2 protein chains.
Amino acid sequence: MKAAPTLSLLLDEQLCFALYAASRAMTSAYRPLLEALGLTYPQYLVMLVLWEQDGLTVRELGQRLQLDSGTLTPLLKRLQAAGLIDRQRRSSDEREVEIRLQPRGLALREQATPIPGCLGNRLCLSLEDVQHLRDELKRLATQLNHPSHEGN
Amino acid sequence: MKAAPTLSLLLDEQLCFALYAASRAMTSAYRPLLEALGLTYPQYLVMLVLWEQDGLTVRELGQRLQLDSGTLTPLLKRLQAAGLIDRQRRSSDEREVEIRLQPRGLALREQATPIPGCLGNRLCLSLEDVQHLRDELKRLATQLNHPSHEGN
DNA sequence: CACAATTAAATTGTGTGCAATATAATTTTT
DNA sequence: AAAAATTATATTGCACACAATTTAATTGTG
């Protein structure tokens, strides 16, 4: 076990800042496209999950997106107010709230289909490079979320 | 010029979600370490810039971090309230507000030096891999921020 | 069955991000 | 030099994120 090496405090050398800046740049790039659908970026992510699997609970949505009810509850209320989803307590377990797509929410999927390709075009990366970067980021997130201190 | 290929709408295939999740995981990993310094993650980024170059204006800080005054003004007021920085209108141009480290803000640098190494340890990546990922993310952010539509 | 422990959402409070607007100082133009 | 345009910051309003607490429903235990 060796001590943590002292790395630079220079902003431009930080992986964390590159990640933070790239994530916000990505959200900004989506914004004008999603505005046409009346969605914010986190709302779009919720819709992606629901288009894949409808009828999930708030908890299950949260597991998928790594978001808690403090974030999801108001977001889902806005999607409901927009007529895209419905929120219903489950009769089998009244603690759980089931989220179901409304016709307007389901129909929105058609308008969303061109969006990933549209964004992909801007990246100037091959599909393989995008997939590789995506998988590296997934591994990074997994490492950071697990407190498996000793590894390497 | 070919049409945008229709890519998947599956959450787990999206680069954007991997980026979003990794960025939040990174911020969460920093949180307990920064809490010991009394800083939030964006506040830490501001301090990184000031430790590199003191006396920048709000505008210059914003250029460096890609943040506007709507975000920075309240954040800087909190750093000022914590006694870490000072905010002063420049006499040469009264529109500009100069940010200067206070002794406590300068001293905090010592406590921050082990942090990057501490986080680096968790990544289970070689230094070269971290640098490569960082540079890929920088290129990605540059591409996304520039509307240079045709490229590749 | 009663009651403690657990679980799922919702609520509350703080701190970003960011668009839009306002305010004030400086520069440019006429 | 006065008016118009520009620039820098601050303010306002909305939507996340997330910790901490609350509320309500369910499960586990004696």
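Convention: sequence-line order gives letters A, B, ...; per-chain numbering from 1. Remember, it's a predicted structure, so these values are computed and weren't measured experimentally.
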Pick the nucleotide of DNA chain C nearest each of A:T71 and A:A25; which residue has the one closer to the 5' end?
A:T71
Closest-nucleotide mapping onto DNA chain C: is B:R78 or A:R31 further toward the 5' terminus? I mean the 5' end.
B:R78
When A:Y20 is tested against each of B:Y30, B:Y20, B:Y41 for ring-ring contact (aromatic ring centres under 6.0 Å, His included), which residue passes?
B:Y41
Give a yes or no answer on whether the side chain of A:W51 reaches the backbone of A:G105 with a donor-acceptor pair at less than 3.5 Å.
yes
Is the phosphate of D:dC16 approached by A:Q43 (side-chain N or O, under 4.0 Å from OP1 or OP2)?
yes
So, OP1 or OP2 of C:dC18: does either fall under 4.0 Å of a side-chain N or O from A:R24?
yes
Using a heavy-atom cut-off of under 4.0 Å over every strand shown, decide if A:R90 touches base, sugar-phosphate, or nothing.
nothing
Does OP1 or OP2 of C:dG17 have a side-chain N or O of A:Y41 closer than 4.0 Å?
no
Any donor-acceptor pair under 3.5 Å linking the side chain of B:R89 with the backbone of B:E94?
yes
A:K77 side chain N/O closer than 4.0 Å to the phosphate oxygens (OP1, OP2) of C:dT11?
yes
I need the CG-P distance between B:L34 and D:dA17, as an integer number of Å.
19 Å
Please figure out whether B:E96 or A:Q66 has its closest DNA chain D nucleotide nearer the 5' end.
B:E96
Side-chain donor or acceptor of A:D135 paired with backbone N/O of A:K138 under 3.5 Å
no
Classify the side chain of A:S69 versus the base of C:dA10 as yes if they form a donor-acceptor pair under 3.5 Å and no if they do not.
yes
Looking at A:Y20, does any N or O in its side chain come under 4.0 Å of the phosphate oxygens OP1/OP2 on C:dG17?
yes
How would you label the contact of B:T57 with the nucleic acid (heavy atoms, under 4.0 Å): base, sugar-phosphate, or nothing?
sugar-phosphate
Taking only side-chain nitrogens and oxygens of B:T40, does any of them come within less than 4.0 Å of OP1 or OP2 of C:dT16?
yes
Atom CG of B:D68 and atom C1' of D:dA10 are separated, to the nearest Å, by 11 Å
For B:S28, which contact category applies under a 4.0 Å heavy-atom criterion: base, sugar-phosphate, or nothing?
sugar-phosphate
Any N or O donor-acceptor pair linking the side chain of A:R95 to the base of C:dT7 at under 3.5 Å?
yes
Distance, rounded to the nearest Å, where A:R59 contributes CZ and C:dT6 contributes P:
17 Å
For B:Q80 and D:dA10, give me the distance from atom CD to atom P, rounded to whole Å.
10 Å
How long is the line joining CD of B:E35 and P of D:dA20, in whole Å?
8 Å
Within the 4.0 Å heavy-atom criterion, would you say B:L75 contacts the bases, only the backbone, or no part of the nucleic acid?
sugar-phosphate
Gap between atoms CG and C1', on B:L67 and D:dA10 respectively (whole Å)
16 Å
Base-pairing mate for C:dC3 - Watson-Crick or G-U, with both contacts under 3.5 Å
D:dG28
Find the distance A:Q63:CD to C:dA9:P and express it as a whole number of Å.
9 Å
Can you tell me if A:R134 uses its side chain to pair, donor with acceptor, with the backbone of B:E13 under 3.5 Å?
yes
Does the B:E98 side chain pair with the main chain of B:D86, one donor and one acceptor, at a distance under 3.5 Å?
no
Quick one: A:L39 CG to D:dA15 P, roughly how many Å, whole number?
12 Å
